[in-house]
Amino acid sequence: MKTGVLNNLILQVEDIHKKAENIIGEGGFSPILKNEYKNKISQYVKMYESVETMKKMTDNAMTLERLIDQQIEILNVRIVWEKDWIKKTGKGEL
């Protein structure tokens, strides 16, 4: 069941990220915001990928469930952050 939640969050992240990437392409906002965006997104991607690697290394169901919980949390935090970032640019709201 949690994999369904995870997959739904992945789709949400993709939609929000696409909008943010369009804003990056348009420009017209502070370079500081652009750097903040690139650094934060890189951090979220690395965290998610690290947990994904750990998932591949375990065959314990309880450990796998906890790792999926971590990925869900990472994506939830990323969604909130990316929405806030979009608002900060003044280029749109979600």
Side-chain angles (χ1 to χ4, degrees):
M1 189 67 171
K2 287 185 180 186
T3 55
V5 171
L6 183 62
N7 290 334
N8 184 39
L9 287 171
I10 289 169
L11 292 175
Q12 288 180 41
V13 164
E14 289 172 355
D15 287 343
I16 294 165
H17 188 67
K18 190 181 302 180
K19 180 162 182 141
E21 286 293 311
N22 286 338
I23 290 170
I24 290 281
E26 291 172 5
F29 56 90
S30 165
I32 293 169
L33 281 176
K34 184 176 182 177
N35 287 337
E36 176 187 13
Y37 177 80
K38 292 193 178 284
N39 290 335
K40 279 291 203 182
I41 294 305
S42 176
Q43 289 173 354
Y44 287 123
V45 168
K46 287 176 185 175
M47 284 188 286
Y48 186 89
E49 288 175 350
S50 293
V51 176
E52 190 65 29
T53 299
M54 288 185 263
K55 281 173 47 182
K56 291 176 183 173
M57 295 169 41
T58 188
D59 56 0
N60 182 296
M62 183 179 267
T63 301
L64 186 58
E65 186 174 332
R66 288 181 184 148
L67 291 170
I68 290 171
D69 287 341
Q70 286 181 15
Q71 286 181 311
I72 288 170
E73 181 64 20
I74 290 165
L75 293 178
N76 277 320
V77 171
R78 177 180 170 171
I79 287 168
V80 169
W81 184 86
E82 210 158 347
K83 283 180 176 181
D84 287 343
W85 182 87
I86 289 170
K87 289 178 187 175
K88 279 197 240 179
T89 66
K91 297 283 187 172
E93 295 198 16
L94 298 170

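All values derive from a computational prediction rather than experimental measurement.
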Are L6 and W81 connected into the same hydrophobic cluster when the rule is that any two of I, L, V, M, F, W, Y join if their side-chain heavy atoms are below 4.5 Å apart? yes
When every non-hydrogen atom of V5 is compared with those of I72, the smallest separation belongs to CG1-CD1, 3.9 Å
The reported gap from CD1 in I79 to CG in D84 (rounded to nearest 0.5 angstrom) is 12.0 Å
Between W85 and I23, does the side chain to side chain contact (heavy atoms under 4.5 Å, CB included) criterion hold? Intermediate values first, please. CA-CA 10 Å; W85 182 87; I23 290 170; 4.0 Å; yes
The side chain to side chain donor-acceptor pair (under 3.5 Å) partners of Y48 (sequence neighbours excluded) come to none
By salt bridge (Lys or Arg N to Asp or Glu O under 4.0 Å), E65 pairs with (sequence neighbours left out) K2
Taken to the nearest 0.5 Å, the spacing of Q71 CD from M54 CE works out to 8.5 Å
Residues pairing under salt bridge (Lys or Arg N to Asp or Glu O under 4.0 Å) where one sits in residues 52-64, two or more places apart or in two chains, turn out to be E52-K55
So the salt bridge (Lys or Arg N to Asp or Glu O under 4.0 Å) pairs with at least one residue in residues 33-48 (sequence neighbours excluded) are E36-K88
Sequence neighbours excluded, the answer for salt bridge (Lys or Arg N to Asp or Glu O under 4.0 Å) partners of E73 is none
The reported gap from OG1 in T89 to NZ in K19 (rounded to nearest 0.5 angstrom) is 8.5 Å
- Using the rule that two of Ile, Leu, Val, Met, Phe, Trp, Tyr join whenever any of their side-chain heavy atoms come within less than 4.5 Å, decide whether I10 and I74 are in one cluster. yes
Would you indicate whether L11, at its atom CG, is surrounded by more than 12 heavy atoms from other residues, nucleotides or ligands within a distance under 6.0 Å?
yes
Decide yes or no on side chain to side chain contact (heavy atoms under 4.5 Å, CB included) for H17 and I41, but give the supporting numbers first.
CA-CA 9 Å; H17 188 67; I41 294 305; 3.9 Å; yes
Rounded to the nearest 0.5 Å, the CG atom of L33 sits from the NZ atom of K91 at a distance of 11.0 Å
Interatomic distance, NZ@K18 vs CG@N22, rounded to 0.5 Å, equals 8.5 Å
d(N76 CG, L9 CG) to nearest 0.5 Å is 5.0 Å
Residues 5-15 vs side-chain hydrogen bond (donor to acceptor under 3.5 Å, both in side chains), sequence neighbours excluded, gives none
